[in-house]
Amino acid sequence: MSALNLDDFAQLIERPDSELRRAAEERRASTDVPPGALGRLDELGGWLAAVQQRVPVRPVERPKALLFAGDHGVAELGVSARPAGGTADLVRAVLDGSSPAAVLARHTGVPVRVVDMAVDCDPAGFPAEITRHRVRRGSGRIDVEDALTPDEAEAAFRAGMAIADEEADAGTDLVVLGDLSVGGTTAAGTLIAALCGTDASVVTGRGGRPIDDLAWMRKCAAIRDALRRARPVLGDQLELLATVGGADLTAATGFLLQSAVRRTPVILDGVVSAACALVAQRVAFRAPDWWVAGQASGEPAQGKALDRIALTPLLDHGVTAGEGTGALLALPLVRAAAALAAELPAGD
């Protein structure tokens, strides 16, 4: 399908340093704090030592919230509580600081980067920096047509890779990954159902703004129809993303893989980032070692994907807002783990 060879990622991505993880665990055991007293903070401290390749751990000082944005044609079927083509409003809410994710980011001192991959609006309405990677206006209606052409899929995937390189080169030491989309959870559910071999009803959730029963049935039917189109291309992950993903999900998948190559740790948000992570795991089985799951969103598809990837969410507070909110809520926990791992005095 493409000159882009995804098999290269399996060779390029290495596991985080297990010896340094053990060294961090030994250092932690030498402190005066009883074993197990810090719960998952100890596990996170070991993970940070491995991904940072140092003991003691450095504090997390330069995190970045990254939100890939795009509209999905399947939203025309009434599968979302938001109107089809409504992603532009979500982007504007982040830019003007009024969305939950923007508020949390502001109060935790985290800069937010929005990347418009397929928002269905005039690109002149946003700053050029946000739209420079856009591949189209809205992704195709996945129940009856491909989300992207082959060239668009490659362009979106390469955009995600380029953004991972930009963030690594800029010194970003942790990425909080989220999405801004209408119809994105339908595409995510389709990807997860296809890769986990489950029926549409098992992965169909209510979305960030809960839908009623009729909308749920429409969403379930759309995923079932999209699954029929997804199954024949399961052997090619880029073709799968082109068929039933979308530009934003394809870019996020490329970002996750290249971030693992560049040894940049990532906090995943909800079902959309979980779907991208599951696709990325199919490409390179070591990639999930560079990620943690921020919180359980309540979406059944997210649970399926994280179980397959073997990631347990750090938080479960019933937050369904999406847009990176859950991952931002988990960031203080990761920062706390780093601070404890760095500053608890070790014994002789």
Side-chain angles (χ1 to χ4, degrees), residues 1-2 4 6 66-76 79-80 82 84-91 94 113-123 125-126 128-164 166 177-192 194 222 226 229-230 233 236-259 269-280 283 322-324:
M1 175 178 176
S2 166
L4 182 64
L6 300 193
L66 179 62
L67 308 178
F68 287 100
D71 280 296
H72 294 261
V74 73
E76 298 170 8
V79 298
S80 172
R82 295 186 183 276
T87 300
D89 292 336
L90 299 177
V91 172
V94 172
R113 180 177 182 181
V114 176
V115 181
D116 171 5
M117 296 304 305
V119 178
D120 188 10
C121 70
D122 184 348
F126 297 137
E129 176 60 26
I130 289 175
T131 60
R132 68 185 173 96
H133 291 293
R134 181 192 280 201
V135 299
R136 60 183 286 168
R137 282 186 61 158
S139 296
R141 219 184 93 181
I142 59 174
D143 61 320
V144 294
E145 64 181 344
D146 289 349
L148 305 169
T149 67
D151 287 345
E152 289 167 346
E154 179 170 348
F157 194 95
R158 289 188 184 277
M161 293 174 60
I163 291 165
E166 289 169 7
L177 181 63
D179 70 284
L180 298 168
S181 63
V182 177
T185 63
T186 303
T190 301
L191 288 169
I192 292 168
R229 306 184 63 259
V233 296
D236 185 325
Q237 303 309 306
L238 190 57
E239 189 171 1
L240 176 66
L241 288 164
T243 303
V244 296
D248 48 340
L249 277 72
T250 302
T253 304
F255 173 84
L256 282 169
L257 286 164
Q258 188 64 13
S259 289
D269 186 40
V271 64
V272 171
S273 59
C276 299
L278 184 59
V279 177
V283 175
E323 305 171 25

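Heavy atoms only: backbone and side chains are in, while hydrogens, waters and symmetry mates are out.
Contact record, Thr131 with Pro123: CG2-O, 3.7 Å, taken as the closest heavy-atom pair. The shortest non-hydrogen separation linking Val135 to Ala155 is CG1-CB, 3.9 Å. Taking all atoms of both residues into account, the shortest heavy-atom contact from Val182 to Gly86 is CG2-C, 3.8 Å. Smallest separation of non-hydrogen atoms from Ala187 and Gly245: CB-O, 3.5 Å. Arg134 approaches Arg136 most closely through the heavy-atom pair CG-O, 3.4 Å.
By the side-chain hydrogen bond (donor to acceptor under 3.5 Å, both in side chains) test, Glu166 pairs with Arg113, Arg132, sequence neighbours left out.
For the atom pair Thr186 OG1 and Asp143 CG, the distance stands at 9.5 Å (nearest 0.5 Å).
Residues Asp179 and Ser273 have side chains not in contact (no heavy-atom distance under 4.5 Å, counting atoms from C-beta outward). Using a 4.5 Å heavy-atom cutoff, the side chains of Leu177 and Phe68 are in contact. Contact of the Met161 side chain with the Leu257 side chain is not registered, since no non-hydrogen atoms from C-beta on lie closer than 4.5 Å. By the 4.5 Å heavy-atom criterion applied to side chains, Leu249 and His72 are counted as neighbours. Here the side chains of Phe255 and Cys276 are not in contact, with every heavy-atom distance at 4.5 Å or above. Looking only at side-chain heavy atoms (C-beta outward), Val271 and Ile192 come within less than 4.5 Å of each other. Side-chain contact between Leu191 and Leu241 is present, with heavy atoms from C-beta onward closer than 4.5 Å.
Under a 3.5 Å cut-off, the side chain of Ser139 and the backbone N or O of Ala247 do form a donor-acceptor pair. With hydrogens and angles disregarded, a donor-acceptor distance shorter than 3.5 Å links the side chain of Asp269 to the backbone of Gly324. Of the possible polar contacts, one joining the Asp71 side chain to the Asp120 backbone as a donor-acceptor pair under 3.5 Å is found. In this structure, Thr149 contributes its side chain and Glu152 its backbone to a donor-acceptor pair below 3.5 Å.
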Next on the checklist: Determine whether Leu238 and Thr250 satisfy the following criterion, side-chain contact (heavy atoms from CB on, under 4.5 Å), listing intermediate values before the conclusion.
Outcome noted: CA-CA 8 Å; Leu238 190 57; Thr250 302; 4.2 Å; yes
Checklist entry - For Thr253 and Gln237, what are the C-alpha separation, side-chain angles and deciding distance, and is it a side-chain contact (heavy atoms from CB on, under 4.5 Å)? => result CA-CA 10 Å; Thr253 304; Gln237 303 309 306; over 6 Å; no
Next on the checklist: Please determine whether side-chain contact (heavy atoms from CB on, under 4.5 Å) holds for the pair Phe126 and Val114, giving the CA-CA distance in whole Å, both sets of side-chain angles, and the decisive distance to 0.1 Å.
Outcome noted: CA-CA 10 Å; Phe126 297 137; Val114 176; over 6 Å; no
Next on the checklist: side-chain contact (heavy atoms from CB on, under 4.5 Å), that's the test. Do Leu67 and Leu90 meet it? Break it down for me.
Outcome noted: CA-CA 11 Å; Leu67 308 178; Leu90 299 177; over 6 Å; no
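Look at Asp146 and Arg229 and you find a salt bridge, because one of the NZ, NE, NH1 or NH2 atoms lies within 4.0 Å of a carboxylate O, short of that distance.
With Val91 as reference, Leu180 is the one residue of Leu180, Val115, Asp116 to meet the side chain to side chain contact (heavy atoms under 4.5 Å, CB included) rule.
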